[in-house]
Amino acid sequence: MSGRVGEKEKRGAAVTGGVPDEIEVRDPISAPGADGKPVRATRRFPMFTRDTARPEGGGRAAPRNAPAPARQWPILAVLCTVGLGLLLTAFDAFRLGTILIGSALLAGALLRWLVPDVGMLAVRSRFTDMVTYIALGSAIVLLALMAQPKPLLEIPFLKDTLHFTVGDETG
């Protein structure tokens, strides 16, 4: 409660000899507001939050009257591509499957950059989402290209680094 005394409380204090009347409540779940007047308090979450903002691009990717899968097509495209990559990996096409998974994340970053409303693909700010998708997608693709046997990408200083860390096997 604030330190201000309302007009009704002043009159009540005069009538009862200096003790202010109780605040009148309208229903069992009301509480005094900042100005001392009863305000309806509820345990329900507000329909619109006031302290956090939706991510940029967090709106529907298709009109409201479209079916649910069509409204969330960007995340469904990324998830279906990742699923296909996992399926290929399970069927012993490791390199192709993991490259497809990394490419799906890179495509998610591209969608996040180009499409104004990407639905549930928007988790944080546009910049943070893009950096996260690019970092994870690039790491997965690079690791898939360097995987043994017969790596498609060889980085010379990595072999030297392993030589110093693992030790000599002959000895």
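None of these values were measured; they are calculated from a predicted model. Quick note: residue numbers are just sequence positions, from 1.
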Ignoring hydrogens and angles, write down the donor-acceptor pairs under 3.5 Å from the side chains of residues 135-157, residues two or more places apart or on other chains.
residue	atom	partner	partner atom	Å
Ser138	OG	Ile134	O	2.7

Under 3.5 Å, side-chain donor or acceptor atoms of residues 96-107 against the rest of the protein: list the pairs with distances, not counting sequence neighbours.
residue	atom	partner	partner atom	Å
Thr98	OG1	Phe94	O	2.9
Thr98	OG1	Arg95	O	3.2
Ser103	OG	Ile99	O	2.7

Using distance only, find each side-chain donor-acceptor pair of residues 72-86 under 3.5 Å and give its atom names and separation, not counting sequence neighbours.
residue	atom	partner	partner atom	Å
Gln72	OE1	Met120	N	2.7
Thr81	OG1	Ala77	O	2.7

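For Val123, the side chain to side chain contact (heavy atoms under 4.5 Å, CB included) partners at least two apart in sequence or on another chain are Asp129, Tyr133. In terms of the side chain to side chain donor-acceptor pair (under 3.5 Å) criterion, residue partners of Thr128 (sequence neighbours excluded) are, by chain and number, Ser125.
Under a 4.5 Å side-chain heavy-atom criterion applied to ILVMFWY residues, the cluster that includes Trp113 comprises Leu110, Leu114, Met130 as well.
Summarising the geometry of Arg126 relative to Arg112, their closest heavy-atom pair is NH1-O, 2.8 Å, with the distance given to 0.1 Å.
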